[in-house]
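As structure tokens, the structure follows; a few thoughts come after it.
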Amino acid sequence: MFEHWMKPPIFEESKKFFQMCPVPIYVVSNIDRADVLKAIEYHELEPTGVFTSEDAKSYKPRKELFELALKNTRLSPGEVLHIGDSMSSDVKGATDVGINAIWINRSGKEVPEGVKAVSNLLEIYEFIEVNNFQFFGEM
């Protein structure tokens, strides 16, 4: 179990996304703080900040975790783009508090109407250029 949470596999483009991204990236995760920090360290990622369900005492899709991240970053929902791989936890949770969301649909499932989807993180750049978003995202 240790390997799964603290040394998880990482998608090939994730490191490149972290290195190339022109705006701050914040990790917003349902994983406990110590575990997500170990995973970030293991993969040598450098997010601007990390917010966990443990910090908020609430799990996505509930609003508390998103609100904690917004409050601590001093960002409004309209300044943020949440990227995640769960329609219910990430997309619904973010949009319920007014945050724009993009679904990472790596398996090519049908995309529900009104949902923005990409197949990998590098496809996100078109959204940055148009809106100058900050990133909240699942790890």
Side-chain angles (χ1 to χ4, degrees):
M1 197 61 145
F2 170 83
E3 294 291 320
H4 176 75
W5 293 111
M6 295 182 208
K7 293 185 177 182
I10 191 168
F11 290 100
E12 186 175 316
E13 83 280 0
S14 297
K15 285 185 177 187
K16 187 172 183 179
F17 179 76
F18 267 81
Q19 293 166 348
M20 294 176 52
C21 190
V23 297
I25 300 173
Y26 297 89
V27 173
V28 177
S29 179
N30 277 343
I31 301 170
D32 286 348
R33 176 165 277 283
D35 293 346
V36 77
L37 290 176
K38 285 283 189 192
I40 289 168
E41 178 184 7
Y42 176 73
H43 289 294
E44 300 177 341
L45 303 176
E46 295 182 14
T48 303
V50 176
F51 303 97
T52 70
S53 56
E54 183 178 16
D55 301 328
K57 298 180 179 30
S58 178
Y59 289 90
K60 294 183 288 180
R62 292 181 50 102
K63 65 181 183 177
E64 291 86 352
L65 180 52
F66 295 101
E67 289 174 343
L68 175 73
L70 289 170
K71 178 182 174 186
N72 283 281
T73 60
R74 296 187 175 127
L75 294 168
S76 69
E79 296 174 297
V80 174
L81 178 63
H82 183 78
I83 305 165
D85 62 1
S86 169
M87 282 295 298
S88 60
S89 293
D90 293 307
V91 175
K92 182 178 182 338
T95 57
D96 282 353
V97 295
I99 296 172
N100 290 295
I102 294 181
W103 179 38
I104 300 177
N105 180 11
R106 295 184 191 278
S107 59
K109 294 179 183 174
E110 185 175 337
V111 178
E113 188 174 329
V115 172
K116 294 176 190 147
V118 296
S119 62
N120 72 66
L121 285 169
L122 298 180
E123 293 175 18
I124 303 279
Y125 287 110
E126 68 186 75
F127 296 99
I128 300 172
E129 294 169 6
V130 173
N131 299 296
N132 195 30
F133 286 117
Q134 309 293 309
F135 287 124
F136 283 4
E138 173 82 15
M139 164 135 186

Taken in chain and number order and not counting sequence neighbours, the residues that satisfy side-chain contact (heavy atoms from CB on, under 4.5 Å) with P61 are S89

Taken to the nearest 0.5 Å, the spacing of I10 CD1 from H43 NE2 works out to 4.5 Å

What one should report as the nearest heavy-atom pair of D85 and W103 is O-NE1, 3.3 Å

Separation between OG1 (T95) and NZ (K116), nearest 0.5 Å, reads 10.5 Å

- Task: Tell me whether Y59 is reachable from L65 by hopping between hydrophobic residues (I, L, V, M, F, W, Y) whose side-chain heavy atoms are closer than 4.5 Å.
- Result: no

Scanning both residues in full, the closest heavy-atom pair of F66 with K60 reads CZ-CD, 3.5 Å

To the nearest 0.5 Å, atom CZ of R62 lies from atom CD of E67 at 10.0 Å

Residues M87 and P112: closest non-hydrogen pair is CE-CG, 3.7 Å

message: Would you say I99 ends up clustered with V115 if hydrophobic residues are merged whenever their side chains have heavy atoms under 4.5 Å apart, either directly or through other cluster members?
response: no

Could you check whether any side-chain heavy atom of I83 comes within less than 4.5 Å of a side-chain heavy atom of I124, counting everything from C-beta outward?
yes

### ILVMFWY network linking L121 to V91, side-chain heavy atoms under 4.5 angstrom
no

Value for CZ (F17) from CG (L122), rounded to nearest 0.5 Å, stands at 8.0 Å

K92 meets the side chain to side chain donor-acceptor pair (under 3.5 Å) criterion, sequence neighbours left out, with D96

*Are L45 and L81 in one and the same hydrophobic cluster, where Ile, Leu, Val, Met, Phe, Trp and Tyr link if side-chain heavy atoms are under 4.5 Å apart?*
yes

Q: Can you establish whether the number of heavy atoms outside K15 located under 6.0 Å from its atom NZ is more than 12?
A: yes

Here the pair of heavy atoms bringing R33 nearest to T52 is CA-CG2, 3.6 Å

Give the intermediate values and the outcome of side chain to side chain donor-acceptor pair (under 3.5 Å) for residues N100 and H82.
CA-CA 6 Å; N100 290 295; H82 183 78; over 6 Å; no

So CD of E13 and CE of M20: to nearest 0.5 Å the spacing works out to 11.5 Å

In terms of heavy-atom contacts, S53 and N30 come closest through OG-O, 2.8 Å

d(F11 CZ, I104 CD1) to nearest 0.5 Å is 8.0 Å

For P47 and I40, the nearest pair of non-hydrogen atoms, with its separation, is CD-CG2, 3.7 Å

### Query
Mind checking whether T73 and F51 have side chains closer than 4.5 Å, heavy atoms only?
yes

* Determine whether S119 and N105 make a side-chain contact, defined as any pair of heavy atoms from C-beta on separated by less than 4.5 Å. => no

